[in-house]
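Notes follow the structure.
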Amino acid sequence: MNFSLEGRTYVIMGVANKRSLAWGIAKSLHEVGARLIFTYANERFEKPVKDLAATLEGQDALFYPCDVTNDDAVAKTFASIKEDVGTIHGIAHCIAFAQKEDLKGEFVDTSRDGYLLAHNISAYSLVAVAREAQPLMSEGGGIVTLTYLGGERVVQNYNVMGVAKASLDASMKYLANDLGKDNIRVNAISAGPIRTLSAKGVGDFNSILKQIEEKAPLRRTVTQEEVGSTAYYLLSDLSQGVTGEIIHVDSGYSILG
Ligand SMILES: CCCCCCc1ccc(Oc2ccc(Oc3cccc(O)n3)cc2)c(O)c1
């Protein structure tokens with residue numbers, strides 16, 4: 001059983017800065033010899049991603065813009081990746097967005113546009129990416145996306161993002177069903193709250209962190225590195241029999257009533 005990812009290439013989508021969970025995943029895969037490709041939403045993220053990737057010793061990373069709300073852009077990104085590297089072995093999909101006003105107050109007040117935007121970026125993007133990446137994963141592969149407990153049960157303020165995560169979770173399972181015959185596995189990591197740029201958008205984040213430290217079985221919050229190592233497990237040969245699964249990396253918080 002080969003635990004190294006030497007000779008394998010993975011696409012990391014969604015690094016915004018050094019606190020991004022996508023960056024934790026990139027570091028974990030780099031550590032075990034993977035070659036990395038980074039995509040970024042727009043030029044605002046190009047420099048931060050390239051500066052971070054430059055800190056990975058011996059990594060010869062590639063970079064592509066990818067606006068996941070645009071089907072032609074996604075197709076173009078993966079056509080470029082196919083041209084430049086040919087085969088890839090997996091994807092870390094770490095992309096989500098909802099309007100700030102839809103992440104607080106009452107869910108019943110969510111606008112139609114806000115609801116569609118959250119689903120477009122946070123759920124449909126996985127389907128579009130999987131469809132364009134499938135032909136490049138000719139040796140089989142793994143797709144990992146990031147989800148959250150708020151998609152399984154109500155978490156105050158998470159609102160429309162919770163509904164989008166429920167859609168992401170179901171989309172992940174239907175993609176696992178479609179892609180399994182090509183030996184492409186599709187899974188999700190349900191990460192406990194971590195202080196990232198994205199987390200700043202969700203109301204009352206601090207009280208949730210405090211709740212975790214007081215109530216979670218491990219009595220602490222989880223780290224970017226712990227999410228990264230679980231992504232390594234899901235993208236490596238260690239999880240060959242696992243697909244359509246959600247692994248909670250949340251100090252056990254989700255087992256509480
Ligand atoms: C009330 C729940 C607190 C725990 C939330 C844990 C969490 C933290 C960050 C998460 O990722 C996002 C990604 C985008 C997002 O939408 C944003 C982020 C910043 C600004 C903005 O206008 N929208 C909200 C959360 C996420 O899905 C889940």
Side-chain angles (χ1 to χ4, degrees), residues 11-14 20-22 24-25 68-69 74 90-99 102-103 107 110 114-134 137 141-182 184-194 196 198-199 201-202 205 208 212 216 222 224 226-235 239 241-257:
V11 181
I12 313 283
M13 308 180 80
S20 297
L21 295 186
I25 293 172
V68 294
T69 65
V74 177
I91 297 171
H93 171 277
C94 308
I95 297 169
F97 187 79
Q99 290 168 181
D102 296 326
L103 295 168
F107 172 66
T110 307
Y115 187 99
L116 292 174
L117 176 76
H119 284 73
N120 188 5
I121 296 177
S122 318
Y124 185 74
S125 63
L126 182 68
V127 183
V129 163
R131 182 172 59 244
E132 298 304 333
Q134 183 184 14
M137 289 194 268
I143 299 176
V144 172
T145 189
L146 296 178
T147 191
Y148 178 62
L149 181 62
E152 298 173 63
R153 55 176 191 259
V154 171
V155 174
Q156 206 68 31
N157 290 315
Y158 198 58
N159 296 0
V160 75
M161 187 59 89
V163 179
K165 290 301 188 183
S167 177
L168 177 75
D169 293 352
S171 300
M172 175 274 288
K173 293 169 191 171
Y174 279 89
L175 289 169
N177 183 42
D178 287 349
L179 303 183
K181 57 184 170 301
D182 298 328
I184 298 168
R185 297 180 294 106
V186 190
N187 293 290
I189 294 172
S190 182
I194 294 172
T196 61
S198 290
V202 196
F205 190 74
I208 284 269
I212 307 274
V222 292
Q224 174 192 63
E226 288 169 333
V227 172
S229 56
T230 298
Y232 161 44
Y233 159 73
L234 285 171
L235 293 170
S239 60
V242 179
T243 195
E245 188 60 79
I246 299 173
I247 297 185
H248 293 79
V249 181
D250 68 348
S251 300
Y253 186 78
S254 65
I255 66 174
L256 305 177

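Keep in mind it's a predicted model, so treat the numbers as computed, not measured.
- To the nearest 0.5 Å, atoms NZ (Lys165) and OG (Ser122) are separated by 6.0 Å.
- Looking at Met137 and Asp182, their side chains never come closer than 4.5 Å, going by heavy atoms from C-beta outward.
- Under the 4.5 Å side-chain criterion, counting only non-hydrogen atoms from C-beta, Pro193 is in contact with Ile208.
- Within the 3.5 Å criterion, the main-chain N or O of Ser20 finds a donor-acceptor partner in the side chain of Gln224.
- Using bins of under 30°, 30° to 60° and over 60° for the plane-to-plane angle, the ring pair Tyr158/Tyr148 lands in the perpendicular bin.
- Listed for the Thr196 side chain is a donor-acceptor partner under 3.5 Å among the backbone atoms of Ala199.
- Under the 3.5 Å distance criterion, the side-chain polar atoms of Asn187 are matched with a main-chain donor or acceptor of Glu245.
- When atom types are taken as modelled, the side chain of Thr230 and the backbone of Val227 share no donor-acceptor pair closer than 3.5 angstrom.
- A donor-acceptor contact closer than 3.5 angstrom links the side chains of Asp169 and Thr147.
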Worksheet item: Between Leu149 and Asp250, is a side chain to side chain contact (heavy atoms under 4.5 Å, CB included) present by the stated rule, with each step listed?
Response: CA-CA 9 Å; Leu149 181 62; Asp250 68 348; 5.5 Å; no
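- Side-chain contact between Arg185 and Ile143 is absent, with no heavy-atom pair separated by less than 4.5 Å.
- Counting heavy atoms from C-beta outward, Ser190 and Glu152 have side chains that approach closer than 4.5 Å.
- Looking at Val202 and Met161, their side chains never come closer than 4.5 Å, going by heavy atoms from C-beta outward.
- Distance check: Phe205 CZ to Ser198 OG gives 10.0 Å after rounding to the nearest 0.5 Å.
- In this structure, CG in Leu234 is found 9.5 Å from OG1 in Thr243, a value given to the nearest 0.5 Å.
- His93 contributes atom NE2, which lies 9.5 Å from atom OG of Ser171 (distance to the nearest 0.5 angstrom).
- Using a 4.5 Å heavy-atom cutoff, the side chains of Val163 and His119 are in contact.
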Fill in: Test log, rule side chain to side chain contact (heavy atoms under 4.5 Å, CB included), inputs Asp102 and Asn159
CA-CA 7 Å; Asp102 296 326; Asn159 296 0; 5.9 Å; no
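- With hydrogens and angles ignored, the 3.5 Å screen pairs no side-chain donor or acceptor of Arg131 with any backbone N or O of Leu126.
- Side-chain contact between Tyr233 and Ile247 is present, with at least one heavy-atom pair separated by less than 4.5 Å.
- Side chains of Ile25 and Cys94 form a contact here, defined as non-hydrogen atoms less than 4.5 Å apart.
- With values rounded to the nearest 0.5 angstrom, Met172 atom CE is found 12.0 Å from Asn177 atom CG.
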